[in-house]
Amino acid sequence: MELVKVKQNYQITIPQSLRKKIKIDVGDYIEIDTQDEFIILRPVKVVHPDQEYFYTKKWQIMEREADKDISQGDVVGPFKDVKASLKALKKSKT
């Protein structure tokens with residue numbers, strides 16, 4: 001347990017030992033809530049809207065399938081150019 005002082009504008013400093021323990025850094029977001037007389041601070045990772053697709057259930061299933069294929073060597077490539085990659089794609093559909 002750490003003792004910190006509430007400063008001007010009701011700001012507090014989270015001690016280094018706690019920052020390391022919950023892995024927060026400058027610029028991170030923290031969700032603040034209360035439970036009875038306690039203040040609860042919870043680190044939150046914010047995902048940029050352009051990256052939301054990556055965290056969908058469907059995408060994660062496809063990522064696991066790709067990882068499995070790669071680990072089993074079930075991949076084609078790398079290719080020397082786009083033409084060669086398109087030829088391989090067309091061949092795989094037949």
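If you read the sequence from its start, that first residue is 1, and numbering goes on from there. Only this structure's heavy atoms are used, side chains among them; waters, hydrogens and symmetry mates stay out. These figures come from a predicted structure and were not determined experimentally.
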TODO: Give the minimum heavy-atom separation between Thr13 and Arg19, together with the two atoms involved.
DONE: CG2-NH1, 4.4 Å
Task: Closest non-hydrogen atom pair, Pro43 against Ile22 - done: CG-O, 3.8 Å
Task: Test item: Ile30 and Leu41 side chains (from C-beta on) under 4.5 Å apart, heavy atoms - done: yes
Open item on the list: Do Val47 and Tyr29 land in one hydrophobic cluster if side-chain heavy atoms of ILVMFWY residues count as linked below 4.5 Å?
Closed with: no
Open item on the list: Check this for me: Glu37, atom CD, are more than 12 non-hydrogen atoms of other residues, nucleotides or ligands nearer than 6.0 Å?
Closed with: yes
- [ ] Answer yes or no: is there a side-chain heavy-atom contact under 4.5 Å between Glu2 and Leu18?
- [x] yes
Open item on the list: Counting only heavy atoms from other residues, nucleotides and ligands, does the tally under 6.0 Å from OH of Tyr53 exceed 12?
Closed with: yes
- [ ] Not counting sequence neighbours, list each pair that qualifies as a side-chain hydrogen bond (donor to acceptor under 3.5 Å, both in side chains) and has a residue in residues 55-65.
- [x] Trp59-Glu63
Task: Backbone N/O of Gln11 and side chain of Asn9: donor-acceptor pair under 3.5 Å - done: no
TODO: Take atom CD of Gln72 as the centre, draw a 6.0 Å sphere, and report whether it contains more than 12 heavy atoms from other residues, nucleotides or ligands.
DONE: yes
- [ ] State plainly whether one hydrophobic cluster holds both Ile14 and Ile32, where clusters connect Ile, Leu, Val, Met, Phe, Trp and Tyr through side-chain heavy atoms under 4.5 angstrom apart.
- [x] yes
TODO: Supply the atom-to-atom distance Glu52 CD to Phe54 CZ, rounded to the nearest 0.5 angstrom.
DONE: 13.5 Å
Open item on the list: Checking Glu31 now: which residues fulfil salt bridge (charged side-chain N to carboxylate O under 4.0 Å, His left out) with it, not counting sequence neighbours?
Closed with: Arg42
- [ ] Hey, could you give me the CG/CE distance between Leu3 and Met1, rounded to the nearest 0.5 Å?
- [x] 9.5 Å
Open item on the list: More than 12 heavy atoms of other residues, nucleotides or ligands under 6.0 Å from CD1 of Ile40: yes or no?
Closed with: yes
- [ ] Considering non-hydrogen atoms only, spot the tightest contact between Ala88 and Phe79 and give its length.
- [x] CB-CE2, 3.5 Å
Task: Partners passing salt bridge (charged side-chain N to carboxylate O under 4.0 Å, His left out) against Asp28 (at least two apart in sequence or in another chain) - done: Lys45
